[in-house]
Participant: 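My structure is below; once you've seen it, I'll send some questions.
The model shown is predicted, which means the values in this text are computed figures rather than measured ones.
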Amino acid sequence: MANRSRPIGSSFALAAALARTGLTVLRATAPGGRERWERGNHAGRAVDLHAGPACAVAAAVGTARVRPAAGFAVLAAGARGAYDDAVGAGDPRRGFRARLSALRHGEVTSGAVKLSGLAAGAVLKERPLDKVLAGVVAGAAHFVNLVDVRPGPAGASVLALGAPGLPRKGPGAEAAAAVGAAAAVLPDDLAERTMLGDTGAHALGAALGVAVVAGNGRAAHAAALVAAASCGERASEAAHSLV
């Protein structure tokens with residue numbers, strides 16, 4: 001048990017330390033100017049977006065320690081989220097339906113670019129079934145992104161979805177990277193000093209997804225995450241109603 005817990009504990013500690021350090025450094029330096037990093041939250045208060053890239057890098061590095069290809073998928077998910085943070089700020093459309101509807105009308109939204117992530121997890125496996133299951137990377141990222149509408153739900157969702165996988169050797173280390181990064185910034189998120197944004201939400205969700213793809217019993221876990229993603233828009237609406 002001690003040998004099994006060591007890589008999980010080290011992945012958690014590494015991701016938490018990197019996320020906290022990244023948040024502190026970005027807050028102190030604000031590359032490109034502080035106004036570039038500020039957004040209005042659900043209550044109209046100005047908060048920073050520093051938690052997003054801090055978590056994305058932390059989750060990617062923590063995951064790459066176990067599986068380099070998985071780390072790449074997490075980083076790619078964070079990069080797509082960063083594109084939406086930069087280009088899609090102020091766009092109220094969320095979820096598959098709204099973005100696909102825009103595509104039908106000839107508009108390529110920043111959110112539609114993120115949907116291209118459905119193929120990102122395919123680099124993790126070779127068998128056709130595993131390539132299909134790898135779509136859960138995008139599904140998990142989509143779900144965490146949808147519930148990131150007010151302080152707390154996105155980070156709490158990562159903790160709740162990742163914690164059951166922590167006891168499992170291999171995938172547990174990958175889940176620990178997501179949980180560690182989310183836990184490190186959650187206090188600042190709840191205090192309305194920072195937000196995950198699409199960058200952090202997508203990267204953390206993708207890290208959970210790659211843990212499922214890498215583990216045994218993937219079909220059951222994939223089905224659960226797909227179900228969560230399919231209900232994500234209702235969860236997002238419910239979170240909005242609490243504002």
Side-chain angles (χ1 to χ4, degrees), residues 11 14-15 18-19 22 26 31 49-89 94-96 99-100 103 108-127 130-148 154-155 157-158 161-162 171 173-182 185 195-215 218 222 225-226 228-229 232:
S11 291
L14 174 64
L18 287 175
L26 286 172
L49 287 171
H50 300 141
C55 281
V57 172
V61 171
T63 304
R65 290 179 67 245
V66 186
R67 295 172 60 80
F72 171 78
V74 172
L75 195 61
R80 285 189 299 275
Y83 176 82
D84 201 29
D85 279 334
V87 177
R94 298 174 66 86
F96 285 117
R99 280 135 185 188
L100 292 177
L103 281 175
V108 180
T109 66
S110 56
V113 173
K114 289 191 300 184
L115 296 184
S116 65
L118 285 168
V123 301
L124 301 177
K125 296 289 183 176
E126 296 181 357
R127 296 185 303 173
D130 287 332
K131 288 182 180 293
V132 172
L133 290 176
V136 78
V137 173
H142 176 65
F143 172 77
V144 175
N145 183 56
L146 279 177
V147 298
D148 186 32
S157 295
V158 173
L161 291 171
E174 294 166 333
V179 173
V185 303
M195 65 168 62
L196 289 172
D198 290 343
T199 307
H202 263 251
L204 291 174
L208 293 177
V210 296
V212 171
V213 171
R218 295 182 302 274
L225 279 178
V226 168

Participant: Taking the side chain as every heavy atom from C-beta outward, state whether Val144 and Val158 have any pair of such atoms under 4.5 Å apart.
Facilitator: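 Heavy-atom side-chain distance check passes, below 4.5 Å.
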
Participant: Determine the minimum heavy-atom distance between Pro53 and Thr199, stating which atoms define it.
Facilitator: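 Shortest heavy-atom separation between Pro53 and Thr199 comes out as N-CG2, 3.8 Å.
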
Participant: Would you call Leu204 and Leu196 a side-chain contact if the rule is heavy atoms closer than 4.5 Å?
Facilitator: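 Yes, side chains in contact.
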
Participant: If you compare all heavy atoms of Ala59 against all heavy atoms of Ala177, which two are closest, and at what distance to 0.1 Å?
Facilitator: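 The answer is O-CB, 3.9 Å.
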
Participant: Would you name the heavy atoms of Val66 and Ser11 that are closest together and state the gap between them?
Facilitator: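 Taking Val66 first and Ser11 second, the nearest heavy atoms are CG2-OG, 4.3 Å.
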
Participant: Calculate, to the nearest 0.5 Å, the distance between atoms CG and CD belonging to Leu208 and Glu174 respectively.
Facilitator: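 If we round to the nearest 0.5 Å, Leu208:CG and Glu174:CD are 10.5 Å apart.
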
Participant: Give a yes or no on whether the backbone of His202 and the side-chain of Asn145 come within a donor-acceptor separation of less than 3.5 Å.
Facilitator: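 Checking the backbone N and O of His202 against the side chain of Asn145, no donor-acceptor pair under 3.5 Å is found.
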
Participant: Without placing hydrogens or testing angles, list every side-chain donor-acceptor pair under 3.5 Å for residues 71-79, not counting sequence neighbours.
Facilitator:
none

Participant: Which atom pair, heavy atoms only, marks the closest approach of Ala175 to Gly162?
Facilitator: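 For Ala175 versus Gly162, the nearest heavy atoms are CB-O, 3.8 Å.
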
Participant: Please examine the side chains of Phe143 and Leu161, heavy atoms only from C-beta on, and report whether any two atoms are closer than 4.5 Å.
Facilitator: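 Of all side-chain heavy-atom pairs linking Phe143 with Leu161, at least one is under 4.5 Å.
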
Participant: State, to 0.1 Å, how close Thr63 and Ala70 come at their nearest heavy-atom pair, and which atoms those are.
Facilitator: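 Of all heavy-atom pairs spanning Thr63 and Ala70, the closest is CG2-CB, 3.4 Å.
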
Participant: Would you give the length of the straight line joining atom CG of Asp198 to atom CG of Asp148, rounded to the nearest 0.5 angstrom?
Facilitator: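 Here the interatomic distance stands at 7.5 Å.
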
Participant: So, do Val210 and Arg67 sit near enough that their side-chain heavy atoms are less than 4.5 Å apart?
Facilitator: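 A side-chain contact is absent here, since even the closest heavy-atom pair is not under 4.5 Å.
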
Participant: Taking all atoms of both residues into account, what is the closest heavy-atom pair of Ala58 and Leu18, and its distance?
Facilitator: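 Looking at all heavy atoms of both residues, the shortest contact is CB-CB, 3.7 Å.
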
Participant: Give a yes or no answer on whether the side chain of Asp85 reaches the backbone of Gly197 with a donor-acceptor pair at less than 3.5 Å.
Facilitator: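 Answer holds: no.
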
